[in-house]
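Nothing fancy with the numbering, it's 1 onward along the sequence. Ligands are counted one by one from 1 in listed order, and the atoms in each one are counted from 1 as well.
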Amino acid sequence: MLDDMLDYLEHLREQPVWQPLPQAVRDTFRQPLDNDPADLAAVHDTFMKTILPYAVGNTHPGFMGWVHGGGTPVGMLAEMLAGGLNANLGGRDQAPVELERQLVQWVRKLFAFPETAGGLFVTGTSMANLISVLIARTVQLGKDVRRKGMAASKLRLVAYTSASAHISIAQAMDIAGIGSDALRMIPVNSHYQMDVDALAKTIAADKKAGLTPFFIAGTAGSADVGAIDPLDAIAELAGREKIWFHVDGAYGALAILATDMAPRLEGIERADSIAFDFHKWGQVPYDAGFILVRNGQHQLDTFASPAPYLMRETRGLAAGSPWPCDLGPELSRGFRALKTWFTIKVYGAEKLGHIISNTCALAQHMKQCIESTPQLELLAPVALNIVCFRYRSLDADRINADIVIALQESGIAAPSTITLQGRLAIRAAIVNHRTTASDIDALIDATLGFGEIAENNSLMTQAREK
Ligand SMILES: Cc1ncc(COP(=O)(O)O)c(C=O)c1O
């Protein structure tokens, strides 16, 4: 199995980025539950034939869809060790929990947070955003909200984020029982950054209307175009208004590791909480999200839930309180810290920073290719590692949607799509450490090729219809 996976990672370029699942293979996943044991080698063989070739392809250097990390062989091996150990990191006195605390310590230092800051590995930034909304809710309404619920409060909470923010913030408002209607979507400027003046005015209007502003989420690396909100200005306003300031830094926060990019995050160190993923720019295999909270006590106040079967002691296995389960909603938790620790230890933080800088440089290379190609048009500024563009056409939305499907099905490259100001764009997010300029060039060349075919097909269809 190890040989197969190392070979797979070594020979990624010889494979298509992605290929559709044939119906016959899909059908193999519709079988009844097996009662009898099967030979391990045979099950492995099935994996090699029916699963491995038909994954999303985010390990491949040509994958640029959504915001997916590429992982590393080191992370894979660490996952094997974690699997063998089968550690449950909910709590108890064990080295794996100490290792997670070590990572929390490193993250605190990275973002210049105090020693008293709390941190926790979670599935991803969606969960981390939810945790931050829940903590801000507890801080605003007091611990009683945990027992009595939102209905017992007379306060009508409102939160703020930019129109470019990730949908998980609205979902967090929904799950927290506050409702996504109570999330104000503040307009963005031409760089897709939150308009802080509009934010201030909206807060003032809400206060005048008797509402209680409690949470502002700035974004560091927006999912649409990779914009970073003016974090320092938002921090200033949040401080003045005494509103919780959260940063959704799903992939962008780790730009803190890149010396050329880190200054763009100015103000992130003033946040009350930061959500981000090691599984994106950090190159750690899925999943490895993280939440950092300036005041760890607020995190405990929001989640710690004593139970007779979770008693703490000062010695023995039940020592070491507080436990990670006191800092978030999960009791049983895997050993995400191990693959993160291995990745940082083996490659070094500096190299991870270089990878981040390099993906941004590749995005600039792609931008230049687009700007020097008359058939292509850039649709948004390129602040970090995301490039949104399209093939020029009178029927551009449909043709570019077709181009993206053709690119994916060709196996050459896998970007995704996005609608920006009502226009469909091809969106390439360069996250993988394996991606090089040749992969960018291949995407551009194939876009031109498929664009020409799609345009001709469209013209032929129009001619037939006439
Ligand atoms: C800005 C932003 N926030 C939140 C998320 C959600 O993160 P996750 O998929 O790890 O839950 C993403 C995912 O790409 C993102 O880009």
Side-chain angles (χ1 to χ4, degrees), residues 56 58 63-71 75 107 120-134 159-175 180 183 185-186 188 191-194 215-229 231 234 246-256 261 264-265 268 271 273-292 328-330 333-334 336 339-340 356 359-360 363 380 382-388 414-418 420 425 427-432:
V56 155
N58 49 307
F63 188 92
M64 299 175 213
W66 301 276
V67 185
H68 277 37
V107 172
L120 189 72
F121 273 93
V122 292
T123 40
T125 293
S126 303
M127 176 57 92
N129 284 340
L130 171 61
I131 288 175
S132 67
V133 167
L134 290 169
Y160 308 83
T161 197
S162 92
S164 277
H166 194 264
I167 194 66
S168 54
I169 312 260
Q171 269 180 310
M173 291 287 287
D174 153 11
I175 300 169
S180 53
L183 179 66
M185 310 305 281
I186 305 300
V188 291
H191 292 276
Y192 291 78
Q193 298 166 307
M194 192 194 286
F215 182 82
I216 304 173
T219 301
S222 64
D224 51 7
V225 304
I228 301 175
D229 282 336
L231 303 178
I234 301 175
H246 172 68
V247 174
D248 175 349
Y251 71 90
L254 279 184
I256 201 86
M261 293 289 150
R264 308 245 204 116
L265 297 174
I268 199 169
S273 52
I274 305 174
F276 71 95
D277 292 323
F278 283 106
H279 58 226
K280 293 188 167 93
W281 252 350
Q283 311 297 329
V284 174
Y286 283 89
D287 46 41
F290 200 91
I291 177 74
L292 180 68
E330 293 173 325
R333 307 169 61 248
R336 299 182 180 108
K339 58 193 171 185
T340 310
I356 289 167
T359 59
C360 295
V382 181
L384 293 175
N385 60 336
I386 295 183
V387 185
C388 296
S416 52
T417 57
I418 186 166
L420 293 173
R427 177 175 163 288
I430 308 157
V431 188
N432 193 334

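Between Leu384 and Ala363 the shortest heavy-atom distance is O-CB, 3.4 Å.
Across Phe121, Tyr286, Tyr251, a single residue satisfies ring-ring contact (aromatic ring centres under 6.0 Å, His included) together with His279, and that is Tyr286.
For ligand 1, the 4.0 Å heavy-atom shell contains residues Val67, Gly124, Thr125, Ser126, His166, Ser168, Gly221, Ala223, Asp248, Ala250, Asp277, His279, Lys280.
Aromatic ring orientation, Phe276 versus Phe278: perpendicular (interplanar angle above 60°, classes split at 30° and 60°).
With sequence neighbours excluded, no residue forms a side-chain hydrogen bond (donor to acceptor under 3.5 Å, both in side chains) with Ser162.
With no hydrogens or angles considered, no side-chain donor-acceptor pair links Thr123 and Asp287 at under 3.5 Å.
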Q: Could you give me the CA-CA distance, side-chain angles and deciding distance for Met173 and Val133, then say whether side-chain contact (heavy atoms from CB on, under 4.5 Å) is met?
A: CA-CA 7 Å; Met173 291 287 287; Val133 167; 4.2 Å; yes
